[in-house]
Amino acid sequence: MNITFPDGSTKEYNSGITGLEIAESISPRLAKEVLSVTVNGDLHDLRFPITCDATVILHKWEDAEGKKAFWHSSSHLMAEALQELYPKIKFGIGPSIDMGFYYDVDSPTPITEADLAKIEAKMLELARTGETFVRKDVTKAQAMDTYTKKGDEYKLDLIGGLEDGTISFYTNGSFTDLCRGPHIQSTDIIKAIKLTSVAGAYWRGDEKNKMLTRIYGITFPKKSLLDEYLTMLEEAKLRDHRKLGKELELFHFSARVGQGLPLWLPKGAALRERLENFLKNVQKSYGYEQVITPHIGMKDLYVTSGHYAKYGADSFQPIHTPAEGEEFLLKPMNCPHHCEIYKAKPRSYRDLPIRFAEFGTVYRYEQSGELHGLTRVRGFTQDDAHLFVRPDQLKDEFKKVIDIVLYIFKTLDFKEFNAQISLRDKVNRDKYIGTDENWEKAENAIIEASAEKGLNTVVEYGEAAFYGPKLDFMVRDAIGRKWQLGTIQVDYNLPERFELTYTGADDKQHRPIMIHRAPFGSMERFVAVLLEHTAGRFPLWLTPEQAVILPISEKFNDYADSVAKKLNILSVRCSVDSRNEKIGRKIRDNEIKRIPFLLIVGENEAGEGTISVRKQGDGDKGAMTPEAFAKFIDDLVKTEIKPIE
RNA sequence: GCCGAUGUAGCUCAGUUGGUCAGAGCAGCUGAUUUGUAAUCAGCAGGUCGUGGGUUCGACUCCCUCUAUCGGCUCCA
């Protein structure tokens with residue numbers, strides 16, 4: 001029997017050998033380190049006999065598959081510890097996740113964060129005994145029987161959803177669990193354990209079900225890896241946009257204004273304005289026209305669009321005029337307004353594509369528990385645009401929008417993002433409006449355009465908007481949470497509902513197709529993610545303050561003011577730190593404020609008409625005239641914003 | 001909305017078993033200093049201890065309500 005390895009080499013083994021034995025035959029060290037094994041593309045138990053020629057991959061910690069097995073096994077170890085500490089506990093599911101694992105449990109005794117240290121200690125104690133993970137295959141009926149006797153409704157629910165056939169149990173120490181595996185060979189390679197948090201989670205993710213307690217944890221094969229991880233988490237917290245937003249005085253929340261309603265402070269407003277102008281310029285070059293629409297619209301507008309039926313009950317309640325009692329809704333999206341602009345006059349096929357852009361502020365009632373800094377708010381501004389196109393223009397226009405998103409990401413140095421194609425749920429179709437035919441056309445347009453643009457995409461079913469499929473651009477925040485930024489959506493439905501038409505070359509009326517798109521997603525979320533990516537060190541073209549002039553003493557404040565005037569005229573954003581403080585103090589304070597350039601002026605500079613330039617994190621740059629410095633800044637900004645290709 | 005945790009001055013945080021515990025540093029203000037590349041010195045002022053109830057002779061401390069925030073779940077036009 002031949003076993004082939006990933007490097008292409010082949011070795012002969014006796015039939016029935018296991019992955020673990022193969023590792024042992026290669027080296028005792030590998031046998032210690034191997035965490036899981038892939039046989040012919042499928043994950044297998046390390047003790048699973050291999051009986052025919054196969055390709056085998058032995059996974060160590062360095063592999064994602066190795067980590068998965070390690071963390072999944074750790075969740076079983078935690079379950080064992082929990083069972084010993086809380087004998088009446090029942091278990092839901094306990095998978096590995098991106099970083100670590102969790103287990104959902106139903107315990108009559110509440111488990112809180114205060115209990116985590118105790119559970120950790122128990123886990124370590126059990127891990128050291130070197131328990132193996134022993135697999136036992138049973139029939140579905142036997143499995144049902146086992147859990148019926150135990151009175152475990154969660155496991156019974158899980159088994160009920162499985163197909164008939166073999167079901168596997170894994171046992172480590174005193175704990176046996178329904179589990180597909182695979183697992184690591186022994187618990188004694190789990191050397192470092194940190195239970196990170198407890199949280200509530202609905203059974204099977206359905207809010208109608210009971211809420212279980214979810215315990216999150218992470219484990220490592222070495223103590224030093226845990227320390228590194230904890231350090232990394234600490235550093236990530238320093239980049240949290242909520243912390244930086246406060247420190248850099250960008251935005252503020254007030255309970256009296258209302259939760260989820262950000263107040264933009266002067267520096268934040270300046271930053272946001274610059275981002276908006278940047279995008280406006282890009283859009284102008286792509287033929288977009290700016291429009292402006294009101295913050296409210298009559299209820300009927302949203303009844304027509306279909307949004308009222310879908311979200312009306314879960315929205316801010318209607319606003320009424322005092323005399324007539326007319327109902328208005330706080331604008332939750334801009335598309336219906338833009339449809340009405342399209343309808344303002346007859347459109348010809350020659351006019352299309354028509355591209356209406358607006359930085360449109362919208363209000364959505366998000367559940368209170370869902371609010372999160374600037375990334376999930378109740379009032380926010382979309383960098384919205386709606387493109388009205390002919391069918392023959394759809395794919396090209398979609399590709400141009402992808403170009404815009406990629407250009408923006410490149411300019412702002414977002415290297416790591418995921419492009420996600422969000423399609424309809426395969427089964428549950430009544431969540432959506434529109435005909436199957438149009439949905440298929442829309443979905444195909446997105447899939448083809450993305451492929452032709454060479455985008456590396458993942459497809460997610462059930463993630464589409466209720467009126468159409470989307471291409472979403474996802475990025476992660478400082479601690480790895482995923483957020484959607486840019487979105488591009490194809491919509492056949494709103495044009496139908498608003499009876500949008502254009503006159504074709506055949507002199508007949510035709511239906512345009514709509515593309516909804518927002519490359520930033522929203523100004524709020526984009527700024528939040530940008531803050532976390534840059535740790536508050538914005539590119540020069542964006543940063544609220546590019547330079548601060550630091551007079552050596554108050555004697556030079558007048559000279560500093562004259563330099564500031566000169567630089568402001570030359571479009572350098574700078575101010576004067578005229579406080580009566582020592583130069584060291586001024587440097588420190590302004591470094592902390594992340595001002596890119598510090599301009600020091602004293603007797604020498606005032607005499608020569610120059611400024612001494614100090615760059616953040618890069619030290620002394622020498623003296624130059626204000627004019628030379630302005631040119632220097634201008635050149636740097638030009639390297640940051642590259643022309644559109 | 002649900003589960004859990006937290007809420008002390010503008011910010012970051014101390015406050016022992018309920019009894020001079022309302023504090024510190026930074027920021028602010030005043031004065032002195034007039035400074036050459038990451039914190040000059042001194043003084044002053046700042047808080048119904050998130051809100052509203054309750055228990056108690058007495059509550060920042062214990063209990064309940066509400067509210068906001070944080071970690072998740074659900075949701076996300």
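By convention in this document, chain letters (A, B, ...) are assigned in the order of the sequence lines, proteins followed by strands, and residues within each chain are numbered from 1. Model, not experiment: these values are computed from the prediction.
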A.B. asks: Does OP1 or OP2 of B:G71 have a side-chain N or O of A:His372 closer than 4.0 Å?
C.D. replies: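 Yes.
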
A.B. asks: Grab the N/O contacts between the protein and nucleotides 39-43 of chain B below 3.5 Å, and write none if there aren't any.
C.D. replies:
{"unit_1": "B:A39", "atom_1": "N9", "unit_2": "A:Arg588", "atom_2": "NE", "d": "3.3"}
{"unit_1": "B:A39", "atom_1": "N7", "unit_2": "A:Arg588", "atom_2": "NE", "d": "3.1"}
{"unit_1": "B:A39", "atom_1": "N7", "unit_2": "A:Arg588", "atom_2": "NH1", "d": "3.0"}
{"unit_1": "B:A39", "atom_1": "N7", "unit_2": "A:Arg588", "atom_2": "NH2", "d": "3.2"}
{"unit_1": "B:A39", "atom_1": "N6", "unit_2": "A:Arg588", "atom_2": "NH2", "d": "2.4"}
{"unit_1": "B:A39", "atom_1": "N1", "unit_2": "A:Arg588", "atom_2": "NH2", "d": "3.1"}
{"unit_1": "B:U40", "atom_1": "OP1", "unit_2": "A:Arg585", "atom_2": "NH1", "d": "3.3"}

A.B. asks: Under 5.5 Å centre to centre and under 30° between planes: does that hold for A:Tyr311 and the six-membered base ring of B:A77?
C.D. replies: yes

A.B. asks: Applying a 4.0 Å non-hydrogen cut-off, can you work out what A:Ser305 is touching in the nucleic acid: base, sugar-phosphate, or nothing?
C.D. replies: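 If one applies the 4.0 Å heavy-atom cut-off, A:Ser305 turns out to touch nothing in the nucleic acid.
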
A.B. asks: Quick one: label A:Arg481 by what it contacts on the DNA or RNA (base, sugar-phosphate, nothing), any heavy atom closer than 4.0 Å.
C.D. replies: sugar-phosphate

A.B. asks: Heavy atoms under 4.0 Å, any strand shown: does A:Gly602 hit a base, just sugar-phosphate, or nothing?
C.D. replies: base

A.B. asks: Given atom CD1 of A:Ile218 and atom P of B:G71, what is their separation to the nearest angstrom?
C.D. replies: 17 Å

A.B. asks: Strictly below 4.0 Å: does A:Gln367 bring a side-chain N or O up to OP1 or OP2 of B:C2?
C.D. replies: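 So the side-chain polar atoms of A:Gln367 never come under 4.0 Å of the phosphate oxygens OP1 or OP2 of B:C2.
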
A.B. asks: Could you list all N or O pairs between the protein and nucleotides 5-14 of chain B that sit under 3.5 Å apart?
C.D. replies:
none

A.B. asks: Pairing check on B:A5: which nucleotide meets the Watson-Crick or G-U wobble criteria with it, both distances under 3.5 Å?
C.D. replies: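 Here B:A5 is engaged in a pair, and the nucleotide opposite it is B:U69.
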
A.B. asks: Which part of the nucleic acid, if any, lies within reach of A:Arg614 when heavy atoms closer than 4.0 Å are counted: base, sugar-phosphate only, or nothing?
C.D. replies: base

A.B. asks: Side-chain N or O of A:Arg378 versus OP1/OP2 of B:C76: is the shortest distance under 4.0 Å?
C.D. replies: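 It does not, given that no N or O in the side chain of A:Arg378 lies less than 4.0 Å from OP1 or OP2 of B:C76.
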
A.B. asks: Across the strands shown, which category fits A:Arg242 at heavy-atom distances under 4.0 angstrom: base, sugar-phosphate, nothing?
C.D. replies: sugar-phosphate

A.B. asks: Determine: side-chain N/O of A:Ser368 to OP1/OP2 of B:G1, distance under 4.0 Å, yes or no.
C.D. replies: yes

A.B. asks: Just how far, in rounded Å, is C1' of B:U34 from NZ of A:Lys555?
C.D. replies: 6 Å

A.B. asks: Please work out if A:Ala199 contacts a base, only the sugar-phosphate, or nothing of the nucleic acid, heavy-atom cut-off 4.0 Å.
C.D. replies: base

